[in-house]
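The structure under discussion appears below in the form of structure tokens.
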Amino acid sequence: MSSSTHPSAVTVLVTRRIKPAQEVHFEHLMGNMMAAAKEFQGHLGSQLIKPSDEEPGLYHVVFAFDSDEHLQHWQASPTRALEIGRAHV
């Protein structure tokens with residue numbers, strides 16, 4: 001993502017510590033969340049960053065949108081709320 005292409009681009013970083021034996025379930029749910037985000041205007045991409053050996057169970061998820069307005073629309077959406085409700089691990 002180039003700042004000259006999207007000068008007002010914004011990202012949000014979500015960090016979650018997942019219980020042992022719940023990693024596969026969480027990764028599946030985050031895949032669903034990232035797929036849902038793709039359908040929203042201004043979505044530039046998302047990425048799931050898996051835990052390191054030093055921090056087992058610690059996941060990071062990054063969402064990028066072309067503007068704060070579009071990010072706020074995603075964050076306030078019923079779609080996101082539904083996915084979050086499914087993701088309580």
Side-chain angles (χ1 to χ4, degrees):
M1 169 174 54
S2 166
S3 62
S4 63
T5 305
H6 300 286
S8 61
V10 293
T11 59
V12 63
L13 172 66
V14 178
T15 301
R16 296 286 182 263
R17 188 168 301 277
I18 304 307
K19 297 174 186 174
Q22 293 296 316
E23 296 90 351
V24 171
H25 180 65
F26 179 77
E27 289 177 20
H28 175 75
L29 292 171
M30 288 302 99
N32 290 345
M33 175 87 73
M34 292 186 300
K38 280 183 184 181
E39 302 304 316
F40 279 73
Q41 185 174 358
H43 181 263
L44 297 175
S46 54
Q47 181 178 8
L48 176 66
I49 303 167
K50 295 182 180 183
S52 67
D53 291 338
E54 294 79 31
E55 289 281 353
L58 188 66
Y59 282 81
H60 304 284
V61 188
V62 180
F63 293 92
F65 284 83
D66 64 356
S67 70
D68 186 58
E69 178 183 354
H70 288 145
L71 171 62
Q72 295 305 319
H73 180 72
W74 159 248
Q75 289 188 315
S77 72
T79 302
R80 180 178 171 269
L82 178 64
E83 294 300 333
I84 287 174
R86 292 177 180 159
H88 286 290
V89 177

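Fair warning: this is a prediction, and the values are worked out from it, not measured in the lab. All values below were derived from every heavy atom in this structure, side-chain atoms included, with hydrogens, water molecules and symmetry-related copies excluded.
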Practice problem: Could you walk me through whether Phe63 and Val10 pass the side-chain contact (heavy atoms from CB on, under 4.5 Å) test, one step at a time? | Solution: CA-CA 8 Å; Phe63 293 92; Val10 293; over 6 Å; no
Quiz prompt | Step-by-step side-chain contact (heavy atoms from CB on, under 4.5 Å) determination, Met30 to Arg16 | solution = CA-CA 11 Å; Met30 288 302 99; Arg16 296 286 182 263; over 6 Å; no
Exercise. Any chance you could lay out the ring pair (Phe, Tyr, Trp, His ring centres under 6.0 Å) test for Phe40 and His70, step after step, and finish with the verdict?
Key: CA-CA 8 Å; Phe40 279 73; His70 288 145; 9.9 Å; no
Self-check item: Verdict with supporting geometry, Val61 and Gln47, side-chain contact (heavy atoms from CB on, under 4.5 Å)
Solution: CA-CA 6 Å; Val61 188; Gln47 181 178 8; over 6 Å; no
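Annotation for Leu13 and His60: closest pair CD1-CB, 3.7 Å, computed over non-hydrogen atoms.
Between Leu82 atom CG and Ser77 atom OG the span is 9.5 Å, to the nearest 0.5 Å. Between atom CG of residue Asp66 and atom OG of residue Ser8 there is a gap of 6.0 Å, rounded to the nearest 0.5 Å.
The number of heavy atoms from other shown groups lying within 6.0 Å of NE2 (His28) does not exceed 12. Residue Glu27 places its CD atom among more than 12 non-hydrogen atoms of other residues, nucleotides or ligands, all under 6.0 Å distant. At most 12 non-hydrogen atoms from other residues, nucleotides or ligands lie less than 6.0 angstrom from CD of Gln41.
Panel note: side chain Arg17, backbone Pro56; a donor-acceptor pair is recorded below 3.5 Å. Of the possible polar contacts, none joining the Thr79 side chain to the Ala37 backbone as a donor-acceptor pair under 3.5 Å is found.
Counting only heavy atoms from C-beta outward, the side chains of Tyr59 and Leu48 approach each other to under 4.5 Å. Residues Pro51 and Glu54 form no side-chain contact, since every pair of their non-hydrogen atoms from C-beta on lies 4.5 Å or further apart. Taking the side chain as every heavy atom from C-beta outward, Met33 and Arg80 approach each other to under 4.5 Å. You'll find the side chain of Val12 reaches within 4.5 Å of the side chain of Gln75, heavy atoms only.
Both Val14 and Ile84 are part of a single hydrophobic cluster, where members link through side-chain heavy atoms under 4.5 Å apart.
Contact check on Lys50 versus Glu23 returns no salt bridge, with no Lys/Arg side-chain nitrogen under 4.0 Å from an Asp/Glu carboxylate oxygen.
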